[in-house]
Amino acid sequence: MIVRKNISIDQCYVDKLKPFLEKNNGNLSAAIRDTIETASLTLAGSTDENGEKSSCKVSQNAEFRNGLIEEEEFLLVHHTLFEWLVKNTSGLLIDESTVYEIINPYKIKRIPDVVSYINLLNEKMGWKIKVDAEYSQGPEPETASLTLSNGNPCFREIMAHSLALYLAKQMKLDVQGLFCKSNVTKVYFKRFEFLDFQKVPKGLEENFGCMESTFWEIQKKPEFWKNLIKIYRQQNYQRLSMQRKTFEAFVSGDLPSVAELKRNFELITGNPPTAFTLAEHIVIFKEIYLTDGIGSDIEICTEKGKEYVKLIHDYSDRKVCDFLTKYYSTVFTSINYSFKVTTSPHMILFEFGKSLSSADFSVE
């Protein structure tokens, strides 16, 4: 129901309505409606821990935000636009200096202080996110977890990311796990030792910066990657992407040596083959095989005592199939696990077992 009334307003009150008039392009009715909504929120206030109304808290927080906007420390950003920005930068690490603009490392040095400060900041910014922390006792906690509840999931993600980077750099706590639901984000931490202060800890990068290295590679050679992606898409990914010496082996028909394959493996993983279990080798092999694009698909099993790798390809030439069998047999020989290999049209099966000799593979 719309109620229309003739009202009289002195010029001094019209002047006070000026911000609302500008916001609503001079529409006095809309300006008055906005004024009533603002006054209603201020009078209603919010409840404190005892369930009592705090009539001035909303107003104080609004004044805080307005002050920072006037000082150009904060900007007004549309909710949807900011959500889009967070979603489309997910996987890229926040700059350390940016986090220190929000949390002062010279003033805040303990987890309780971080939580208190962030909760107060959340309340003033109106993000409606609550942060709780659990941590082991001692001057330098060995483990910790942060629970961020309520608010927008995208905003929780950016806040969890900022807190994780701060705890990693200032308190040597690396991310061990990340748990996300519609209304809760939980981050688990464990103490680690810095080898290089400038280096990003592994857990932080895996959970919050999974696209970081990819992004910077694209930035270094944008034309190369744009053209490569375009070609792959046009050809429905029916292309090969292999190491130069592997390509040479395929063209010449000469298999690389076991020692050479071991060196290649170390270059890819950063560790010698002996540093990994058979199950880990199989998972790594699957990733490389699918990336190389030599075959069309792969099926694996990493259950202990039942490990196998099934390579699926669409080659019909017998010589090509035989060479693939010999090549991948050499690859698996290089990791020092015994196996047996069998083939059928468009499939090569490697079965691993303790009773088999590492040299005992036969093509059937």
Side-chain angles (χ1 to χ4, degrees), residues 46-52 54 57-58 60-61 64-65 68 74 82-83 86-87 89-194 197 199-210 212:
S46 57
T47 56
D48 58 21
E49 292 179 357
N50 299 319
E52 297 176 354
S54 176
K57 190 171 288 186
V58 173
Q60 288 175 345
N61 291 339
F64 171 81
R65 290 192 292 271
L68 292 176
F74 278 19
F82 186 54
E83 188 173 337
V86 173
K87 284 181 178 178
T89 54
S90 180
L92 300 180
L93 290 171
I94 301 174
D95 290 338
E96 191 174 341
S97 58
T98 302
V99 174
Y100 294 157
E101 287 290 327
I102 302 169
I103 310 173
N104 189 331
Y106 297 104
K107 293 182 178 179
I108 301 173
K109 298 180 179 296
R110 300 185 311 121
I111 293 178
D113 297 334
V114 174
V115 172
S116 298
Y117 173 76
I118 289 296
N119 278 330
L120 182 61
L121 187 63
N122 271 329
E123 185 179 336
K124 289 180 176 180
M125 292 193 302
W127 280 26
K128 300 178 182 178
I129 298 172
K130 179 74 166 64
V131 181
D132 293 300
E134 296 179 7
Y135 48 91
S136 58
Q137 297 300 315
E140 294 186 336
E142 293 296 319
T143 60
S145 66
L146 293 180
T147 303
L148 292 82
S149 54
N150 303 324
N152 184 290
C154 290
F155 301 172
R156 284 205 313 271
E157 179 186 339
I158 201 75
M159 185 164 291
H161 183 170
S162 303
L163 289 170
L165 192 147
Y166 189 86
L167 293 184
K169 290 292 187 173
Q170 295 300 314
M171 303 182 188
K172 299 182 180 179
L173 290 168
D174 192 16
V175 178
Q176 293 296 298
L178 180 64
F179 174 81
C180 298
K181 273 193 172 183
S182 59
N183 63 337
V184 171
T185 300
K186 194 158 187 174
V187 192
Y188 298 91
F189 299 88
K190 187 176 181 181
R191 177 162 294 279
F192 76 107
E193 293 299 325
F194 274 114
F197 190 78
K199 191 174 181 181
V200 176
K202 183 179 178 181
L204 178 65
E205 184 170 17
E206 287 178 351
N207 287 278
F208 291 105
C210 60
E212 184 78 4

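Note that the structure is a prediction, hence the values are computed from the model and not measured.
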Kindly list each side-chain donor-acceptor pair under 3.5 angstrom involving residues 181-189, sequence neighbours excluded, with atom names and distances?
from, atom 1, to, atom 2, distance (Å)
Thr185, OG1, Arg156, NE, 3.0

inquiry  = Using side-chain heavy atoms (C-beta onward) and a distance below 4.5 Å, is Glu96 in contact with Leu165?
reply    = yes
query = Does Lys128 have any side-chain contact (heavy atoms from CB on, under 4.5 Å) partners at least two apart in sequence or in another chain, and if so, which?
reply = none
message = Run the side-chain hydrogen bond (donor to acceptor under 3.5 Å, both in side chains) test against Ser145 and tell me which residues pass, sequence neighbours left out.
response = none
Exam field: side chain Asn104 to backbone Tyr106, donor-acceptor pair closer than 3.5 Å = yes
ask   = Any side-chain heavy atom of Ile94 within less than 4.5 Å of one from Ile158?
value = yes
note = Contacts of Phe208 meeting ring-ring contact (aromatic ring centres under 6.0 Å, His included) (sequence neighbours excluded), chain-then-number -> His161
ask   = Excluding sequence neighbours, so at least two apart, what forms salt bridge (charged side-chain N to carboxylate O under 4.0 Å, His left out) with Glu142?
value = Arg191
request  = Enter the distance from Lys87:NZ to Phe82:CZ here, rounded to the nearest 0.5 Å.
outcome  = 12.5 Å
ask   = Excluding sequence neighbours, so at least two apart, what forms side-chain hydrogen bond (donor to acceptor under 3.5 Å, both in side chains) with Glu212?
value = Trp216
request  = To the nearest 0.5 Å, tell me how far Lys202 NZ sits from Phe192 CZ.
outcome  = 13.0 Å
side-chain hydrogen bond (donor to acceptor under 3.5 Å, both in side chains) partners of Glu157, counting only residues at least two apart = Ser90
task = Can you run down the ring-ring contact (aromatic ring centres under 6.0 Å, His included) pairs that involve residues 131-153, sequence neighbours left out, and say none if there aren't any?
result = none
Rounded distance [0.5 Å steps], CG in Leu173 versus CD in Glu140 = 9.0 Å
message = Could you measure the distance from the CG atom of Leu204 to the CG atom of Leu167? Nearest 0.5 Å is fine.
response = 10.0 Å
Set of ring-ring contact (aromatic ring centres under 6.0 Å, His included) partners for Tyr166, sequence neighbours left out = none
remark   = Of all heavy-atom pairs linking Asn207 and Gly177, the shortest is OD1-C, 4.4 Å
request  = State, with a plain yes or no, whether a side-chain heavy atom of Asn152 is found less than 4.5 Å away from one of Val86.
outcome  = no
request  = Sorted by first residue and then second, give each salt bridge (Lys or Arg N to Asp or Glu O under 4.0 Å) pair with at least one member in residues 108-117; sequence neighbours left out.
outcome  = Arg110-Asp113
query = In Å and rounded to the nearest 0.5 Å, what is the CD to CG distance from Glu205 to Asp174?
reply = 10.0 Å
Beyond-backbone contact of Val99 with Lys169, side-chain heavy atoms, under 4.5 angstrom = no
ask   = Does Asn122 have any side-chain contact (heavy atoms from CB on, under 4.5 Å) partners at least two apart in sequence or in another chain, and if so, which?
value = Ile118, Asn119, Met125, Trp127, Ile129, Val131, Met159
task = Test Thr143 against Gln176 for side-chain contact (heavy atoms from CB on, under 4.5 Å), laying out the working first.
result = CA-CA 10 Å; Thr143 60; Gln176 293 296 298; over 6 Å; no
ask   = Looking at residues at least two apart in the chain, or sitting in another chain, which of them share a side-chain hydrogen bond (donor to acceptor under 3.5 Å, both in side chains) with Lys130?
value = Asp132
request  = Keeping the roles fixed (side chain from Ser136, backbone from Pro141), state whether a donor-acceptor pair exists under 3.5 Å.
outcome  = no
